[in-house]
Amino acid sequence: MKHLFIIPILFLFTLTSLLSGQTTVAIVDFEGKGVSQTESSALTDRFGSELFNLGVFSLIERSQMNDILEEQGFQQTGCVSAECAVEVGKMVGAEQIITGSISHIGNVFSVSSKIVDVESGRILKMSTYDFEGMIGDLLRTGMRNAVLKLVSGKTPELVVSTGSLYVLSDP
């Protein structure tokens, strides 16, 4: 019975993307290196929220993505290669997929992320954002900066929030 729901969900994702003119993106859970799975999942959630707030991408909801993958018998845990990301992207109807990792060494957190084109398997963008401090601060401000660096290619010096629009301020 669940199989009947997968096709309409994929159709809605595609239709929404076409109507909005935005690229449909899915985010795979970031791999945690020196951080717990719970922390990594929470940071991945924040990464997705910050990406959505930019208003540039149409984002596939992670719970819907997980439902589709579960129905197909696919586990995204440990899916860090571009090939695995492409497979997940195809299953959920995404045009691009974001994978990454969050590493913690000493008091430095490093958020590595990449955008992969689902059709070609090419890495379109890749970024590493280093954050020195507490994990709570990484959640509150660092993940926004990691998203901005991935999307713009620049490390933001100052991020000014104006509603749901983020403006990069050049020094």
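Only this structure's heavy atoms are used, side chains among them; waters, hydrogens and symmetry mates stay out.
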Could you tell me whether a side-chain N or O of K149 sits under 3.5 Å from a main-chain N or O of T128, the two making a donor and an acceptor? yes
Would M91 and V88 count as a side chain to side chain contact (heavy atoms under 4.5 Å, CB included) if you check the C-alpha gap in whole Å, the side-chain angles of each, and the deciding distance to 0.1 Å? CA-CA 5 Å; M91 284 185 204; V88 168; 5.7 Å; no
Quick one: are I115 and I123 in side-chain contact, heavy atoms under 4.5 Å? no
Side chain S41, main chain Q37, donor-acceptor under 3.5 Å: no
With rounding to the nearest 0.5 Å, note down the distance linking CD1 in I60 to CE in M65. 7.5 Å
Main-chain N/O of V151 paired with K125 side-chain donor or acceptor, under 3.5 Å: yes
For the CD atom of E132 and the CG atom of N107, what is their distance to the nearest 0.5 Å? 4.5 Å
Between CG on residue L51 and CE on residue M143, distance to nearest 0.5 Å: 10.5 Å
For A26, does its backbone N or O pair with a side-chain atom of Q96 as donor and acceptor, under 3.5 Å? no
Using the rule that Ile, Leu, Val, Met, Phe, Trp and Tyr join whenever any side-chain heavy atoms are under 4.5 Å apart, tell me whether L124 and V25 fall into a single cluster. yes
Ignoring hydrogens and geometry, is there a side-chain-to-backbone donor-acceptor pair from E50 to V147 under 3.5 Å? no
Apply side chain to side chain contact (heavy atoms under 4.5 Å, CB included) to residues V118 and K90 and explain how you reach the verdict. CA-CA 7 Å; V118 170; K90 287 178 181 176; 3.4 Å; yes
Is there a side-chain contact between L148 and L150 in this structure, where contact means two heavy atoms from C-beta onward sitting under 4.5 Å apart? no
Flag yes if F52 and V56 sit in one hydrophobic cluster, no otherwise; membership is Ile, Leu, Val, Met, Phe, Trp, Tyr, and two members link when side-chain heavy atoms are under 4.5 Å apart. yes
Could you check if a side-chain atom of T24 sits within less than 4.5 angstrom of a side-chain atom of F57, using non-hydrogen atoms only? no
In the structure I gave you, are the side-chain heavy atoms of F47 and I27 within less than 4.5 Å of one another anywhere? yes
Indicate the ring-plane relationship of F109 and H104, choosing parallel, tilted or perpendicular according to the 30° and 60° boundaries. parallel
Give a yes or no answer on whether the side chain of S40 reaches the backbone of S36 with a donor-acceptor pair at less than 3.5 Å. no
How many angstroms lie between atom CG of L54 and atom CZ of R144, to the nearest 0.5 angstrom? 10.0 Å
Can I98 and V28 be said to form a side chain to side chain contact (heavy atoms under 4.5 Å, CB included), step by step? CA-CA 6 Å; I98 297 175; V28 176; over 6 Å; no
Note, I97 side chain near V86 side chain (heavy atom, < 4.5 Å): no
When you measure from the side chain of T44 to the backbone of F30, do you find a donor-acceptor pair of N or O atoms at a distance under 3.5 Å? yes
Side chain to side chain contact (heavy atoms under 4.5 Å, CB included) between K33 and I102, intermediate numbers included: CA-CA 6 Å; K33 298 177 180 179; I102 301 164; over 6 Å; no
Donor-acceptor pair, distance only, cut-off 3.5 Å: does the side chain of R46 make one with the backbone of L139? yes
Are the side chain of D137 and the backbone N or O of G133 linked by a donor-acceptor pair below 3.5 Å? no
